[in-house]
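After the structure tokens below, expect a handful of questions from me.
Just so you know, these numbers come straight off a predicted model, no measurement behind them. Residue numbers start at 1 and run along the sequence shown. Keep in mind that the numbers below use all heavy atoms, side chains included, and drop hydrogens, waters and symmetry copies.
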Amino acid sequence: MLTIAGFDPSSGAGVTADLMVFAAHGLFGVSCITGLTVQSTLGVKGTVPVSAGVVHDTLDCLQSDLPLTGIKIGMLATAENVAMVSDFLEMMREVGRRAPVVLDPVLRSSSGRELLDAEGIAVMRRRLLPLVDWVTPNMDELGVLTGHMVGRREDMPPAARVLQKMGDGLNVVATGGHLDTPDDLLLLDGGEIECLTGEKIISKSTHGTGCAFSSALLSRIVLGDPKEEVASLAKKYVAEAIRTATELGHGVGPVNHLWPLQDE
């Protein structure tokens with residue numbers, strides 16, 4: 001399992017969180033870091049992108065040695081990195097080594113810091129979205145990617161359909177974690193649409209829920225669960241990670257990524 005994402009030194013999100021999610025599902029993870037962040041539970045203080053050349057060399061090194069069974073993409077930090085990852089996915093298709101790809105389109109941090117500029121978003125729309133199988137935007141990200149105003153539950157279905165048309169056989173899970181009832185919208189590649197009912201859990205430990213959800217979704221796909229069930233299983237995993245988390249730090253703490261191992 002490969003995660004292509006940023007590094008969060010507090011381990012609530014980014015590659016370290018993704019690797020914990022993979023491990024919690026019994027899967028071995030490797031990573032390609034696209035950007036370094038300076039952050040804690042109190043928010044993101046700064047970011048330093050990794051060069052596209054280093055991203056290229058890391059991906060080439062990993063894929064030449066380890067068979068990739070699934071690819072999760074998170075923060076890409078720059079337009080050059082979006083293009084480089086698109087090149088990588090195209091190459092994997094050309095050599096017949098295609099694996100399921102889940103994109104968590106990280107555009108800004110939960111504390112409001114921009115993590116991908118307008119040029120990067122344009123490259124994501126044009127080049128990356130047609131190469132992924134699943135995309136998991138939150139409501140803000142769904143609005144930015146589609147140019148639609150997405151502030152209410154009823155705004156999600158039309159925007160999700162617009163986003164789906166940017167891909168090729170794209171499955172969309174629009175997450176509604178900020179709604180009073182955190183329901184998600186599932187739009188499958190065949191046009192089937194479903195509301196995934198959520199439960200509001202009062203907790204300060206919610207940092208990295210988007211990373212955890214997308215990585216859990218990919219894990220369920222790789223483990224062979226039916227396409228109609230992978231999103232709801234990932235949602236249940238995240239809910240329990242929030243419910244069982246111990247409060248850490250002075251701000252918004254991490255979820256309990258490893259709860260399935262602690263439950264054994």
TODO: Take Asp155 and His148, measure what side chain to side chain contact (heavy atoms under 4.5 Å, CB included) needs, and give me the verdict at the end.
DONE: CA-CA 8 Å; Asp155 299 329; His148 283 222; over 6 Å; no

Task: Heavy-atom donor-acceptor pair, Thr175 side chain to Gly177 backbone, under 3.5 Å - done: no

- [ ] Flag yes if Val238 and Leu233 sit in one hydrophobic cluster, no otherwise; membership is Ile, Leu, Val, Met, Phe, Trp, Tyr, and two members link when side-chain heavy atoms are under 4.5 Å apart.
- [x] no

Task: Residue pair Met166 / Pro130: nearest heavy atoms and the distance that separates them - done: O-CG, 3.5 Å

Open item on the list: Return the CZ to CD distance between Arg97 and Glu94, rounded to the nearest 0.5 Å.
Closed with: 13.5 Å

- [ ] Start with the C-alpha gap between Leu107 and Ile121, add the side-chain angles, then the distance that decides, and say whether side chain to side chain contact (heavy atoms under 4.5 Å, CB included) holds.
- [x] CA-CA 8 Å; Leu107 307 182; Ile121 293 168; 4.0 Å; yes

TODO: Could you walk me through whether Ile71 and Leu89 pass the side chain to side chain contact (heavy atoms under 4.5 Å, CB included) test, one step at a time?
DONE: CA-CA 9 Å; Ile71 301 171; Leu89 295 179; 4.0 Å; yes

- [ ] To the nearest 0.5 angstrom, please state how far the NZ atom of Lys72 sits from the OG atom of Ser219.
- [x] 9.5 Å

TODO: Check whether any side-chain N or O of Arg243 sits under 3.5 Å from a backbone N or O of Ile201 as a donor-acceptor pair, and report yes or no.
DONE: no

Open item on the list: I need the minimum non-hydrogen distance between Leu36 and Ile33, along with the two atoms involved.
Closed with: CD2-CG2, 4.0 Å

Open item on the list: My understanding is that only one of Asp18, Asp104, Thr34 makes a side-chain hydrogen bond (donor to acceptor under 3.5 Å, both in side chains) with Thr3; could you say which?
Closed with: Asp18

Task: Least distance between heavy atoms, Thr78 atom then Pro49 atom - done: CG2-CB, 3.5 Å

Open item on the list: For the backbone of Ala79 and the side chain of Glu119, can you confirm whether one donor and one acceptor N or O come within less than 3.5 Å of each other?
Closed with: no

- [ ] State, with a plain yes or no, whether a side-chain heavy atom of Ile73 is found less than 4.5 Å away from one of Val102.
- [x] no

Task: Under 3.5 Å: donor-acceptor pair, side chain of Ser64, backbone of Cys61 - done: yes

Open item on the list: To the nearest 0.5 Å, what is the distance between OG on Ser205 and CD1 on Ile242?
Closed with: 9.0 Å

Open item on the list: Determine whether a donor-acceptor pair (N or O, by modelled atom type, separation under 3.5 Å) exists between the side chain of Thr37 and the backbone of Phe7.
Closed with: yes

Task: Which atom of Val222 lies closest to which atom of Thr69, heavy atoms considered - done: CG2-O, 3.4 Å

TODO: State plainly whether one hydrophobic cluster holds both Leu129 and Met139, where clusters connect Ile, Leu, Val, Met, Phe, Trp and Tyr through side-chain heavy atoms under 4.5 angstrom apart.
DONE: yes

Open item on the list: With a 4.5 Å cut-off on side-chain heavy atoms, are Leu2 and Leu59 touching?
Closed with: yes

Task: Single-linkage hydrophobic cluster, 4.5 Å side-chain cutoff, Leu76 and Val144 together - done: yes

Open item on the list: So does Gly251 get a backbone contact from the side chain of Thr41, meaning a donor-acceptor N/O pair under 3.5 Å?
Closed with: yes

TODO: Give a yes or no on whether the backbone of Val54 and the side-chain of Asp57 come within a donor-acceptor separation of less than 3.5 Å.
DONE: no

Task: Contact summary for Gly14 and Cys211, nearest pair of heavy atoms - done: N-SG, 3.5 Å

Task: 4.5 Å side-chain heavy-atom contact, Trp134 and Val172 - done: no

Open item on the list: I'd like to know if Glu141 and Arg108 make a salt bridge, using a cut-off of under 4.0 Å between side-chain N and carboxylate O.
Closed with: no

Task: Rounded distance (nearest 0.5 Å) linking atom CG of Leu131 with atom CD of Glu90 - done: 5.0 Å

Open item on the list: Tell me whether Gln164 contacts the main-chain N or O of Leu188 through its side chain, where contact means a donor paired with an acceptor under 3.5 Å.
Closed with: yes

Task: Shortest non-hydrogen separation from Gly74 to Val106 and the atoms involved - done: C-CG2, 4.0 Å

Task: Contact check, side chains of Tyr237 and Leu217, non-hydrogen atoms, under 4.5 Å - done: no

Task: Side chain proximity check, Val82 to Arg127, heavy atoms < 4.5 angstrom - done: no

Task: Separation of Glu154 CD from Leu185 CG (nearest 0.5 Å) - done: 12.0 Å

Task: Distance (rounded to the nearest 0.5 Å) between Phe213 CZ and Asn138 CG - done: 11.5 Å

Open item on the list: Tell me whether the count of non-hydrogen atoms from other residues, nucleotides or ligands lying under 6.0 Å of CG in Asp117 goes above 12.
Closed with: yes

Open item on the list: Tell me whether Asp184 is salt-bridged to Lys235, with the criterion being a basic N under 4.0 Å from an acidic carboxylate O.
Closed with: yes

Open item on the list: So Val55 and Glu80, do their side chains get closer than 4.5 Å, heavy atoms only?
Closed with: no

Task: Derivation of the side chain to side chain donor-acceptor pair (under 3.5 Å) call for Asp87 and His56 - done: CA-CA 9 Å; Asp87 290 343; His56 169 274; over 6 Å; no

TODO: Answer yes if Leu163 and Val132 sit in the same cluster of Ile, Leu, Val, Met, Phe, Trp and Tyr residues linked by side chain heavy atoms under 4.5 Å apart, and no otherwise.
DONE: yes

- [ ] Report the C-alpha distance between Met91 and Gln63 in whole Å, list the side-chain angles of each, state the deciding distance to 0.1 Å, and finish with yes or no for side chain to side chain contact (heavy atoms under 4.5 Å, CB included).
- [x] CA-CA 11 Å; Met91 180 277 295; Gln63 69 82 24; 4.0 Å; yes

- [ ] For residues Lys204 and Val252, determine if any side-chain heavy atom of one lies less than 4.5 Å from a side-chain heavy atom of the other.
- [x] no

Task: Close side-chain approach of Ser10 and His207, heavy atoms under 4.5 Å - done: yes

Task: Thr181 side chain to Asp183 backbone, donor-acceptor under 3.5 Å - done: no

Task: Within one Ile-Leu-Val-Met-Phe-Trp-Tyr cluster: Met20 and Val15, side-chain cutoff 4.5 Å - done: no

- [ ] Look at the side chain of Asn171 and the backbone N and O of Asp189, then say whether any donor-acceptor pair between them is shorter than 3.5 Å.
- [x] yes

